[in-house]
Amino acid sequence: MAIISQVRNIGISAHIDSGKTTLTERALYYTGKIHKIEEVRGKSGVGATMDSMDLEREKGITIQSAATYCEWKDSIINIIDTPGHVDFTIEVERALRVLDAAILVLCGVSGVQSQSITVDRQMRRYKVPRIAFINKLDRTGADPFRVITQLREKLGHNAHAISMPIGAEMDLQGTIDLTNMKAYYFDGDNGENVREEEIPAELKDQAEKLRHDLLEAISDFDDNIAEKFLEDEPVSTDELREGIRKATISLQFIPVMMGSAFKNKGVQLLLDAVGYYLPNPAEVTNEAHDQNNDEAKVILESTPDKPLVMLAFKLEDGRYGQLTYMRVYQGKVSKGDTIHNAATGKKVRVSRLVRMHSDEMHDIDSAEAGDIAAIFGVDCASGDTFTDGTLSFTMTSMYVPDAVISLAVWPKKKAGAGNFSKALNRFTREDPTFRVHRDDESNQTIISGMGELHLQIYMERIKREYECEIESGEPQVAYRETISQKAEFSYTHKKQTGGSGQYAKIGGYIEPLPADAIETFEFVEDIKGGAIPREYIPACEKGFREQIKSGSLIGFPVVGVRVVLNDGAFHAVDSSEMAFKTCSIAAFKEFYPHGKPIILEPIMKLGCEAPTEFQGGVIGLLNQRRGVILGTQNNDTFVQIEAEIPLSTMFGFSTDLRSGTQGKGEFSMEFLKYAPVPKQISVELIKTYQDEKAAENK
């Protein structure tokens, strides 16, 4: 078993196409986990080790995060390679939730891109210390120091180089380590032979200046270095590395390394840096909530001799049933142990315990605090906490964003219906951002997700993995409704049939919630003098909550509404919970139009890149789609454009962008906010909805 101080749990995250998977491939090669390097879009057709799905190999993108482990010098490194495409953002969320540190990969040419900002925000959410690796320095136009400036300005990081390149672009020869002031060259067919030399004379001054800047930055975190820096005394390599480690773990400093994974330069130094600067599991604070003590926070101890606490963070249906990826935070789990699911109270016996290397499984007898392992045959949900039964602890799950796009799907042939529902059940269990529901009115199966590509990939997987051809309707944007002004309501529900009748009366008002409100619906009870008995209040709230599921404008959920109940009346015999619930439903239905309802649409944050000569054409494309350009940045030969744009206008954009930029343009987008739709579009949406309702009623 590894000593916990030697363990590093790291994720590799970045904007799409920054070289994450290529970097992981080199790391596995240099650590002896694989014996041949395969490229993401290699001619062999084999694909990178971590891209184990056929679809990943064909498209040249990572779809599912993949876990592996390797040994480098004194460190045992658990690595999770995550997707860069925003549609698979949940894979990044769940990886960062269970990791202790990360490598933020940046392209030396493109620098900080839209998805780099998203990934960085996710790292902040889970308080993950990170090293930045500026990759692709062999490419024309690469400028690592411009990227460091972007790290500081765009992401607000205290980022400083701890290495620098020898040569640039086509002439990239190696890198200089600024902590020990040595030059490193990477010889051999795959850069496997690391040669240490003195720094070339022409680069000595630049290296000295960068080291001086680094010492100045680290002196804020280390008194010993601060003293030596002020006294102009030399700082040893070990002292500087310890200072960088302290600053990095404090989340207030980001060491920046450089190289080219594709050209096999700088990766071994990055592996060294993982051991030097990133925390081991015992140096990270992990919290749980004690369910027996009013959810009080408890700090978990990364030690094997405490009671077991572990988190299921990813599920996968494989050939042998459900595979559940677990991060062990405290204690130890062994083959044959019985573990308890804190969410359901169910007991499970651990029949097989494995350590994952992409899609390969390596059997192990036990896993302890700090380890990432996988267990077979555990029926649970993503985010469930497991213990040995002596504790009643739960851990917070990962953040799950709302779906922004929906599609109606159905199997082409009736014979495929069984496999179709099997596939949907499996994918909803594995991916919390992939949702399925049945539309009661149209009787269609609706799938919802994070974007077009997200849903396309799942449709393709149903076809391949379940041999079920499927068809789909038009993509449907997840609109919302809200009110724009306050509206008073007073409603009496009376029904007299044989026997006891139904009677309920309620009064109050509905009003828009503030724009910055976290909740989408708020119910306030302000009844004076017992006008409505206490026991009927929850029934009123239930009625309102039921009615906001579908607004009267276009049938989408109503958000951003506060309902205040301040008056009412009841009957000693005829009032009941049911009567008050029915009264609330009818009151909202009748008085909702008085609040001047409006339609909201999802607005996306878009990052787009294209060669500079196509800048005017790309901006024209975005303007046609009601895009608001927030900024443009020219980097030598290409332009980066940031915009806010309605999702409803983005279908087919990738095709238009490719044809308008000779295939060289690329973009990524993520949900930003909801905003009112323009009047004309609102009228069209309402008319379409009313026509559909009329057709159904015929």
Can you check whether Ile527's main-chain N or O pairs, donor with acceptor, with Glu525's side chain at less than 3.5 Å?
yes
Do the side chain of His571 and the main chain of Val573 share a donor and acceptor less than 3.5 angstrom apart?
yes
Value rounded to 0.5 Å, distance of NZ in Lys687 from CG in Asp691:
4.0 Å
Hey, is the main chain of Phe556 close enough, under 3.5 Å, to the side chain of Ser550 for a donor-acceptor pair?
no
Donor-acceptor side-chain pairing of Glu609 and Gln113 below 3.5 angstrom:
yes
Does NZ or CZ of Lys486 come closer than 6.0 Å to the centre of the six-membered ring of Tyr509, within 45° of the ring's axis?
yes
For Gln502, is there any backbone N or O sitting under 3.5 Å from a side-chain donor or acceptor partner on Asp574?
no
Test log, rule salt bridge (Lys or Arg N to Asp or Glu O under 4.0 Å), inputs Arg125 and Asp120
CA-CA 9 Å; Arg125 182 180 292 140; Asp120 185 74; over 6 Å; no
So, Ser682 side chain and Pro678 main chain: donor-acceptor pair closer than 3.5 Å or not?
no
Going by the rule salt bridge (Lys or Arg N to Asp or Glu O under 4.0 Å), which residues pair with Glu522 if we only count those two or more places apart in sequence or in a different chain?
Arg562
Quick check on Lys605: does its NZ atom have over 12 non-hydrogen neighbours (other residues, nucleotides or ligands) under 6.0 Å away?
yes
Over all heavy atoms of both residues, which pair between Val128 and Leu251 is shortest? Give the atoms and the distance, please.
C-CD2, 3.5 Å
Less than 4.5 Å apart, side chain to side chain, heavy atoms only: is that true for Phe521 and Val559?
no
Quick check: does any side chain N or O of Arg626 sit under 3.5 Å from a backbone N or O of Asn623, one acting as donor and the other as acceptor?
no
Tell me if a side-chain donor or acceptor on Thr612 pairs with a main-chain N or O of Phe638 at a distance below 3.5 Å.
yes
Quick one: SG on Cys468 to NZ on Lys412, what's the gap to the nearest 0.5 Å?
10.5 Å
Output the distance between atom SG (Cys583) and atom NZ (Lys494), rounded to the nearest 0.5 Å.
11.5 Å
Gly449 and Leu455 have their tightest heavy-atom pair at N-CD2, 3.7 Å
So for atom NZ, which belongs to Lys542, do other residues, nucleotides or ligands contribute more than 12 heavy atoms lying within a distance under 6.0 Å?
no
Knowing that exactly one of Leu600, Ile599, Ile598 qualifies, which makes a side chain to side chain contact (heavy atoms under 4.5 Å, CB included) with Arg480?
Leu600
CD of Gln615 to OG1 of Thr661: how many Å apart, nearest 0.5 Å?
13.0 Å
Minimal heavy-atom distance between Cys380 and Ala312, with the atoms involved, is SG-CB, 4.0 Å
Quick one: does Gln633's side chain get under 4.5 Å of Glu642's, heavy atoms only?
no
Looking at every non-hydrogen atom in both residues, tell me the closest pair between Phe580 and Lys505 and how far apart they are.
CE2-O, 3.8 Å
Taking the six-membered ring for Trp and the single ring otherwise, decide whether the centroids of Phe544 and Phe489 are under 6.0 Å apart.
yes
Indicate yes or no for a side-chain donor-acceptor contact from His289 to the backbone of Glu295 under 3.5 Å, with no hydrogens or angles considered.
yes
Approximate separation, where rounding is to 0.5 Å, of Lys589 NZ and Ser584 OG
12.5 Å
Give me the ring orientation class for His594 and Phe591: parallel if the planes are under 30° apart, tilted from 30 to 60°, perpendicular past 60°.
perpendicular
Should the pair Phe427 and Tyr458 be assigned to parallel (<30°), tilted (30 to 60°) or perpendicular (>60°) ring geometry?
tilted
Check whether more than 12 heavy atoms from other residues, nucleotides or ligands sit under 6.0 Å from atom CG of Asn292, and answer yes or no.
yes
Please report the closest heavy-atom contact between Gly111 and Gln150, naming both atoms and the distance.
CA-OE1, 3.2 Å
Can a donor-acceptor pair be found, under 3.5 Å and without considering hydrogens, that links the side chain of Ser110 to the backbone of Cys107?
no
If you count heavy atoms of other groups shown closer than 6.0 angstrom to CD of Glu471, is the number above 12?
yes
Will you find, in the side chains of Gln547 and Tyr592, an N or O donor that is under 3.5 Å from an N or O acceptor?
no
With rounding to the nearest 0.5 Å, note down the distance linking CE in Met123 to CD1 in Ile254.
8.0 Å
Distance only, no hydrogens: is a donor on one side chain within 3.5 Å (strictly under) of an acceptor on the other, for Thr394 and Gln291?
yes
Donor-acceptor contact present, side-chain Ser116 to main-chain Val112, <3.5 Å:
no
